Amino acid sequence: MSAVKTPVHEDKTFLEKYQQVDDNFNKMLTSNDNFKKKYNFSISINGKAFDLTTEDIFYSQRVLEKRSLHKDLLKKGENKIIITLEDKQKNRIKDATIAFRVTKATNNKSDMDFSNSENQSDSFSSLVNIPIQGNWNITGTVETKDGNKGYFYIKTNAL
């Protein structure tokens, strides 16, 4: 009876329904490999920068606490996330479409969505207000005008 009363929240990893992710996961990873060959992607979270990564999707939160470079990235309160994209000649890409979600690991009541329709500056910057301590996920996509798409997924925690 308690299982029936527990609310079900649909996972939206990479901002897609889980069925789409299941059906296309290998294509998404191949797309990431192709994206990395053409572009330099960086996501900076409170001053710590990372490249286009999806490895955290395979790990439990306990594994991350022991081995991850992504632990302790967020703090309760205001956090700054900056995303930059360059071609391999170090020219900034200004017209990429970026969308990402910061969400509590256990439910979707705390989902915070961020996006730009066309980024006109050298980077996409956003302030993210984390209301409570705990485990959080940062997931999203970046797509260039020529149709190249990259996916990222970071599990972290807020102190």
Side-chain angles (χ1 to χ4, degrees), residues 6-18 20-22 25 28-29 31-33 35-36 39-87 90-144 148-159:
T6 303
V8 175
H9 301 287
E10 188 170 31
D11 180 28
K12 292 274 190 154
T13 301
F14 306 124
L15 309 178
E16 309 239 353
K17 290 183 174 245
Y18 75 89
Q20 292 170 308
V21 174
D22 283 350
F25 190 71
M28 294 166 126
L29 292 184
S31 181
N32 258 19
D33 290 340
F35 194 89
K36 289 177 187 180
Y39 301 101
N40 297 321
F41 171 92
S42 175
I43 182 168
S44 173
I45 304 167
N46 293 326
K48 294 182 181 178
F50 304 96
D51 63 0
L52 198 62
T53 181
T54 57
E55 286 83 20
D56 286 355
I57 202 166
F58 300 109
Y59 301 132
S60 70
Q61 208 66 42
R62 271 184 271 170
V63 170
L64 291 172
E65 290 169 8
K66 293 179 182 177
R67 296 192 287 177
S68 179
L69 299 173
H70 301 144
K71 64 182 173 185
D72 303 335
L73 291 178
L74 298 172
K75 60 186 182 224
K76 183 179 173 187
E78 194 172 273
N79 297 268
K80 188 165 192 171
I81 296 179
I82 301 170
I83 296 174
T84 56
L85 184 64
E86 299 175 333
D87 62 20
K90 306 280 186 198
N91 299 310
R92 290 278 173 105
I93 306 296
K94 297 181 182 181
D95 57 358
T97 302
I98 298 166
F100 70 96
R101 172 175 287 162
V102 179
T103 185
K104 197 85 173 90
T106 57
N107 65 50
N108 67 355
K109 291 181 180 178
S110 55
D111 288 356
M112 294 174 273
D113 292 327
F114 303 88
S115 67
N116 68 337
S117 55
E118 286 191 16
N119 192 10
Q120 298 301 321
S121 65
D122 282 351
S123 62
F124 176 77
S125 177
S126 186
L127 293 177
V128 177
N129 188 22
I130 301 296
I132 60 174
Q133 294 177 344
N135 297 326
W136 290 82
N137 297 329
I138 303 167
T139 184
T141 61
V142 56
E143 187 169 6
T144 59
N148 288 288
K149 193 168 187 178
Y151 301 85
F152 57 94
Y153 187 95
I154 296 173
K155 286 184 181 181
T156 188
N157 59 301
L159 301 173

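A quick note: this is a predicted structure, and the numbers were derived from the prediction, not measured.
Remark: of the listed residues Asn32, Thr139, Ile154, Asn32 is the sole one forming a side-chain contact (heavy atoms from CB on, under 4.5 Å) with Thr54.
Judged by distance alone, the side chain of Asn79 and the main-chain N or O of Leu74 form no donor-acceptor pair under 3.5 Å. Ser44 places no side-chain N or O within donor-acceptor distance of the main-chain N or O of Ile82, the cut-off being under 3.5 Å. In this structure, the side chain of Asp87 does not engage the main chain of Tyr39 through any donor-acceptor pair within 3.5 Å. Asn135 contributes no side-chain N or O that, together with a main-chain N or O of Asn157, makes up a donor-acceptor pair within less than 3.5 Å.
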- Task: Walk me through it: do Ile83 and Phe100 pass the test side chain to side chain contact (heavy atoms under 4.5 Å, CB included)?
- Result: CA-CA 10 Å; Ile83 296 174; Phe100 70 96; 3.9 Å; yes

- Derivation and outcome, side chain to side chain contact (heavy atoms under 4.5 Å, CB included), residues Ile45 and Thr156: CA-CA 11 Å; Ile45 304 167; Thr156 188; over 6 Å; no

- Worked check of ring pair (Phe, Tyr, Trp, His ring centres under 6.0 Å) between Phe152 and Phe41: CA-CA 10 Å; Phe152 57 94; Phe41 171 92; 5.3 Å; yes

- Message: Pair Ile130, Val102 - check side chain to side chain contact (heavy atoms under 4.5 Å, CB included), show working.
- Response: CA-CA 9 Å; Ile130 301 296; Val102 179; 3.9 Å; yes

- Message: Walk me through whether Val142 and Ile93 qualify under side chain to side chain contact (heavy atoms under 4.5 Å, CB included).
- Response: CA-CA 11 Å; Val142 56; Ile93 306 296; over 6 Å; no

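Contact check for Phe35 versus Thr144: side-chain heavy atoms found under the 4.5 Å cut-off.
Closest of all the heavy-atom pairs between Leu52 and Gly150 is CD2-CA, 3.9 Å. The minimum heavy-atom distance between His70 and Lys155, with the atom names listed, is CB-O, 3.3 Å. Ala158 approaches Lys76 most closely through the heavy-atom pair CB-N, 4.3 Å. Minimum heavy-atom separation, Lys90 to Asn40: NZ-ND2, 4.1 Å. Residues Gly134 and Lys104 come closest through the heavy atom pair CA-NZ, 3.6 Å.
Between Leu69 atom CG and Glu55 atom CD the span is 10.0 Å, to the nearest 0.5 Å.
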